[in-house]
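We use all heavy atoms of the structure for the numbers below, so side chains are in, but hydrogens, waters and symmetry mates are not. Numbering of residues begins at 1 and proceeds along the displayed sequence.
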Amino acid sequence: MSFFRDLFRRAPAESVVLIDIGTSSVAGAYARYAQQKPPVLLYTRRVPIEIRGDEPREHAMLRALTILGDILIREGAPALAREVGSGAADVVLVSIDAPWEEISVRTEHFERKTDFVFTKSLVAKALAKQDATLPEKLLVDESIVGTILNGYETAHPYGKKVHRASAIILTSFINQKIAHNILSILQRLYHTKRILPIAGSSLRYQAMRYAFPHERNALILDATGSLTSIMLVRKGLLVAISLVQNSATDDQAWTRKVADECAEIAKNYPLPRTIFLLAREPEIASLREKLDAAHLGSLWLSDNPPQIVSVLASHIAGSIRRLTTASPDLPLLLMALYYRAGEKKGDSEE
């Protein structure tokens, strides 16, 4: 989760609304979180984005979001109330995909001649000095996705005495106008100040690291939105990000671009043998076929192709209780897992 959100201890139990905004649909869910228990999904719903004539896609998206919001209040809130006695939401988590999102990764370094204690406040001060703004973009999240103390990757770094440290920061930006319109709709629906937007690809990367903690070397191909993000994880750390425009007309263009970007990454890092493929259920099978047909093994200088793992809802469902009869929705499950991962992370760092 975000470094800044981790500064605040969460309530023992929370009701969370999850909103997933993609290029072709929007989805929402009501989830209940209690300490030391898996999250419970009580209600889920997905609404298509239907473009009318030549209208901009963002207009159609905002209309679909308004429709979804009305459904969530009418149907989802009563489902929450039946379970916990109240239909009020404590938190709204909003995941926003391309073309309205942008992510970047950077490393902040800390070094002194004498030992010092590595603390959250030390990192917060360093981040506050950085100008991470982009024109017409709103900075919505800065998540620490890795820490290195005295040259060693460390899962629980705070409070330790060091003389050298690095923090890997994954930053989320959202189109400023779109973010304002989305937040305005959600503020009308929910009486909470805790509306937390984040770039979808950043959220899914962090959820994947929580879902597959033992895969310390992997490529994550996130083709969920209109852009495919290619993220390289080495020794548990995010070290490279590349972006590829998805093609709706040329079946081979996407695989060529993915292969080219992987080749660029391979100039600086050895490529791992595991590739996680993330996509929405209707597209994931065809994308997997394209990757299999691309003979990517040549990039690994081997006749043996890498292992491609199509990430399905069934991979995540075991970590989350579902009390809804709707079909499992992978993006919403990853959102539920992401929020749970932040809860556990915050607990472990108290």
Side-chain angles (χ1 to χ4, degrees), residues 1-12 14 33 35-36 91 93 102-134 138-173 194 196-199 201-218 220 229 231-241 268-269 272 337-350:
M1 288 293 288
S2 163
F3 173 77
F4 297 107
R5 293 171 198 160
D6 281 344
L7 290 174
F8 301 93
R9 186 174 179 86
R10 296 187 181 176
E14 289 182 319
Y33 290 81
Q35 290 181 353
Q36 309 304 321
V91 184
L93 175 64
E102 189 167 326
I103 61 172
S104 65
V105 64
R106 72 180 191 276
T107 302
E108 294 288 341
H109 299 284
F110 308 84
E111 186 170 2
R112 297 177 183 174
K113 294 181 179 180
T114 58
D115 287 349
F116 62 95
V117 177
F118 188 71
T119 63
K120 286 186 176 183
S121 61
L122 181 70
V123 180
K125 291 177 182 178
L127 295 185
K129 294 178 181 179
Q130 292 294 320
D131 181 11
T133 59
L134 290 175
L138 178 66
L139 172 64
V140 294
D141 183 81
E142 287 188 307
S143 296
I144 295 182
V145 295
T147 47
I148 303 171
L149 304 185
N150 292 337
Y152 296 93
E153 192 271 334
T154 306
H156 308 293
Y158 300 113
K160 292 182 170 59
K161 187 174 290 188
V162 298
H163 65 270
R164 186 175 76 254
S166 300
I168 300 173
I169 315 295
L170 185 58
T171 304
S172 294
F173 298 92
R194 297 179 65 194
L196 312 177
I198 185 172
S201 49
S202 173
L203 179 147
R204 288 187 292 272
Y205 163 77
Q206 294 178 71
M208 284 290 294
R209 299 302 301 140
Y210 184 69
F212 300 94
H214 302 300
E215 293 288 348
R216 295 179 56 78
N217 297 282
I220 299 176
S229 60
M231 304 188 188
L232 174 63
V233 179
R234 278 183 49 78
K235 299 179 180 179
L237 300 173
L238 178 63
V239 297
I241 297 177
N268 298 308
Y269 306 97
L337 195 62
Y338 165 85
Y339 196 83
R340 177 57 169 160
E343 180 182 49
K344 282 182 171 291
K345 179 180 176 183
D347 291 344
S348 67
E349 292 173 355
E350 289 295 332

For a 4.5 angstrom cut-off between non-hydrogen side-chain atoms, does T154 reach K160? yes
Between OG on residue S143 and OH on residue Y338, distance to nearest 0.5 Å: 4.5 Å
To the nearest 0.5 Å, what is the distance between CD1 (I241) and CG (L170)? 5.0 Å
Determine whether V91 and Y339 make a side-chain contact, defined as any pair of heavy atoms from C-beta on separated by less than 4.5 Å. yes
Just wondering, do V123 and T147 contact through their side chains at under 4.5 Å, heavy atoms? no
Work out which heavy atom in A211 is nearest to a heavy atom in L337; give both atom names and the distance. CB-CD2, 3.6 Å
Calculate, to the nearest 0.5 Å, the distance between atoms CZ and CD belonging to R216 and E153 respectively. 5.0 Å
With a 3.5 Å distance limit and no angle check, can you tell me whether N217 reaches the backbone of R234 through a side-chain donor-acceptor pair? no
Nearest 0.5 Å please: distance from the CZ atom of R209 over to the CD atom of E215. 8.5 Å
Could you tell me if the side chain of L232 sits less than 4.5 Å from the side chain of P272, heavy atoms only? yes
Could you tell me whether the side chain of R204 reaches within less than 4.5 Å of the side chain of M231, counting heavy atoms only? no
Going by heavy atoms in the side chains, are V162 and F116 under 4.5 Å from each other? yes
Any chance you could measure I103, atom CD1, to I198, atom CD1, to the nearest 0.5 Å? 9.5 Å
Angle class for the Y158/F118 ring planes (parallel below 30°, perpendicular above 60°, tilted otherwise)? parallel
Please name the pair of heavy atoms, one in S166 and one in H109, separated by the smallest distance, quoted to 0.1 Å. OG-ND1, 2.9 Å
Ignoring hydrogens, what is the shortest heavy-atom contact between D141 and S202? Give both atom names and the distance. OD2-OG, 4.5 Å
Just so I know, are the side chains of T107 and I148 near enough to count as touching, which here means a heavy-atom distance under 4.5 Å? no
To the closest 0.5 Å, what do you measure between CD (E111) and NE2 (H163)? 6.5 Å
